[in-house]
Student: 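Take this structure, written in structure tokens, and hold onto it; I'll ask about it next.
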Amino acid sequence: MSQAEGTTQTNEMEITFDSRSENEGFARVAVAAFLTQLDPLLEEISDVKTAVSEAVTNAVIHGYGGGEGKIRLSCRLEKEGRKIYIEVEDKGVGIEDVEKAREPMFTTRSELDRSGMGFAFMEAFMNEVEVESAPGKGTCVRMYKRFEEGSRISFEHTLMSKIHTLQCDTDNKEGTWTTQSL
């Protein structure tokens with residue numbers, strides 16, 4: 001079936017990386033770069049990056065306890081509906097009580113000064129968050145976000161509205177600066 005016949009145009013990516021805290025930043029940037037195809041606002045990109053960061057950090061700290069392992073990150077974009085689906089999966093220790101783990105302020109790693117807000121942040125920034133886990137088998141966090149049509153602003157328009165030039169008022173001996181939109 002062609003797109004003209006009603007299929008939704010999608011794009012997918014999947015990466016696997018080592019369970020290391022420094023790869024959390026890599027995961028954030030990879031998802032942000034992939035997401036730009038939907039032309040989201042910077043705030044929307046920031047929301048998704050935060051949710052991904054929390055899911056990856058949970059896999060590193062709780063799933064593997066800071067030890068070795070692999071994390072799988074996959075994303076699927078639906079361009080027509082401006083949606084992103086994200087999965088972050090580990091094969092670590094798993095979660096014994098998912099509902100308890102999702103409660104704000106709950107943490108199993110208080111000795112590491114963990115706040116227990118990871119799932120709360122994911123839920124705050126995404127439309128839906130689903131957690132599938134089994135002790136000894138690992139955890140898969142599935143997240144979904146839809147971007148509102150009204151929020152779409154072209155990069156060129158955004159850039160031009162944000163660029164300002166500073167001009168020195170040479171007629172004014174006090175050297176005041178003025179800001180002028182392009």
Side-chain angles (χ1 to χ4, degrees), residues 1 7-38 40 43-148:
M1 182 188 277
T7 62
T8 302
Q9 184 181 3
T10 63
N11 193 9
E12 297 181 10
M13 72 98 167
E14 182 173 306
I15 53 178
T16 302
F17 50 90
D18 290 336
S19 175
R20 300 172 61 124
S21 60
E22 56 264 37
N23 285 336
E24 174 269 330
F26 165 71
R28 290 170 51 99
V29 171
V31 172
F34 189 69
L35 176 59
T36 60
Q37 300 168 58
L38 296 181
E43 181 180 342
E44 293 170 324
I45 294 171
S46 180
D47 289 352
V48 172
K49 286 170 59 177
T50 299
V52 167
S53 175
E54 294 296 335
V56 170
T57 298
N58 278 355
V60 171
I61 291 175
H62 300 286
Y64 293 114
E68 292 184 17
K70 297 289 184 185
I71 298 172
R72 183 185 65 84
L73 169 65
S74 66
C75 299
R76 184 179 86 239
L77 299 177
E78 289 184 6
K79 293 183 180 182
E80 185 177 303
R82 301 193 69 229
K83 301 173 190 171
I84 186 166
Y85 297 88
I86 301 168
E87 284 189 7
V88 177
E89 183 178 24
D90 67 66
K91 300 295 183 190
V93 299
I95 302 171
E96 196 168 312
D97 185 344
V98 171
E99 292 310 310
K100 184 77 173 164
R102 291 177 79 155
E103 290 177 9
M105 307 304 287
F106 176 81
T107 183
T108 59
R109 301 298 304 263
S110 58
E111 75 279 7
L112 297 178
D113 293 326
R114 306 310 307 169
S115 69
M117 295 298 292
F119 286 121
F121 286 138
M122 288 180 239
E123 290 169 350
F125 293 123
M126 303 297 282
N127 293 108
E128 290 181 27
V129 177
E130 177 185 308
V131 182
E132 185 179 319
S133 188
K137 296 188 180 194
T139 302
C140 182
V141 176
R142 292 181 184 92
M143 301 179 281
Y144 152 81
K145 186 168 184 75
R146 182 177 187 280
F147 302 96
E148 299 299 322

Student: Quick one: pull up CG in Leu38 and NZ in Lys83 and give me the separation to the nearest 0.5 Å.
Tutor: 11.5 Å
Student: Determine whether Tyr85 and Glu78 make a side-chain contact, defined as any pair of heavy atoms from C-beta on separated by less than 4.5 Å.
Tutor: yes
Student: Is the shortest side-chain N to carboxylate O distance from Asp18 to Lys70 below 4.0 Å?
Tutor: yes
Student: Rounded to the nearest 0.5 Å, how far apart are CG of Asn11 and CD1 of Ile84?
Tutor: 10.0 Å
Student: Would you confirm whether Thr50, through its side chain, and Ser46, through its main-chain N or O, come within 3.5 Å as a donor-acceptor pair?
Tutor: yes
Student: Between Tyr64 (side chain) and Lys91 (backbone), is there a donor-acceptor pair under 3.5 Å?
Tutor: yes
Student: Using a 4.5 Å cut-off on heavy atoms from C-beta on, say whether the side chain of Val31 contacts that of Met13.
Tutor: yes
Student: Answer whether the closest heavy-atom distance between the side chains of Val141 and Glu54 falls below 4.5 Å.
Tutor: no
Student: Would you check if Asp90 and Ser19 make a side-chain contact, meaning some heavy-atom pair closer than 4.5 Å?
Tutor: no
Student: What are the two closest heavy atoms between Ala51 and Met126, and how far apart are they?
Tutor: CB-CG, 3.6 Å
Student: So for atom CZ, which belongs to Arg146, do other residues, nucleotides or ligands contribute more than 12 heavy atoms lying within a distance under 6.0 Å?
Tutor: yes
Student: Under 3.5 Å, side chain of Gln37 to main-chain N/O of Phe34, donor-acceptor pair present?
Tutor: yes
Student: Tell me, please, which residues at least two apart from Arg72 pass salt bridge (Lys or Arg N to Asp or Glu O under 4.0 Å).
Tutor: Glu14, Glu87, Glu89
Student: Answer yes or no: is there a side-chain heavy-atom contact under 4.5 Å between Val48 and Lys145?
Tutor: yes
Student: Where do Arg76 and Thr10 come nearest, in terms of heavy atoms and distance?
Tutor: CG-CB, 4.3 Å
Student: Taking only residues two or more places apart in sequence or in another chain, which ones pass salt bridge (Lys or Arg N to Asp or Glu O under 4.0 Å) with Glu128?
Tutor: none
Student: Enter the distance from Phe121:CZ to Asp47:CG here, rounded to the nearest 0.5 Å.
Tutor: 12.0 Å
Student: Provide the closest heavy-atom pair for Gly138 versus Ser133 in the form atom of the first, atom of the second, distance.
Tutor: O-OG, 3.1 Å
Student: Provide the closest heavy-atom pair for Met143 versus Val88 in the form atom of the first, atom of the second, distance.
Tutor: CE-CG2, 4.4 Å
Student: What closest approach, in Å, do Asn58 and Met122 show between heavy atoms, and which atom pair accounts for it?
Tutor: ND2-CE, 3.5 Å
Student: Please enumerate all residues that pass salt bridge (Lys or Arg N to Asp or Glu O under 4.0 Å) together with Glu68, with sequence neighbours excluded.
Tutor: none
Student: Taking Arg82 for its side chain and Glu148 for its backbone only, find out whether a donor-acceptor pair lies under 3.5 Å.
Tutor: yes
Student: On a heavy-atom basis, which atom in Thr139 and which in Val131 lie closest, and how many Å separate them?
Tutor: CG2-CG1, 3.9 Å
Student: To the nearest 0.5 Å, what is the distance between CD1 on Ile95 and CD on Glu132?
Tutor: 11.0 Å
Student: Decide yes or no for Phe26 and Val56: does some side-chain heavy atom of the first lie under 4.5 Å from some side-chain heavy atom of the second?
Tutor: no
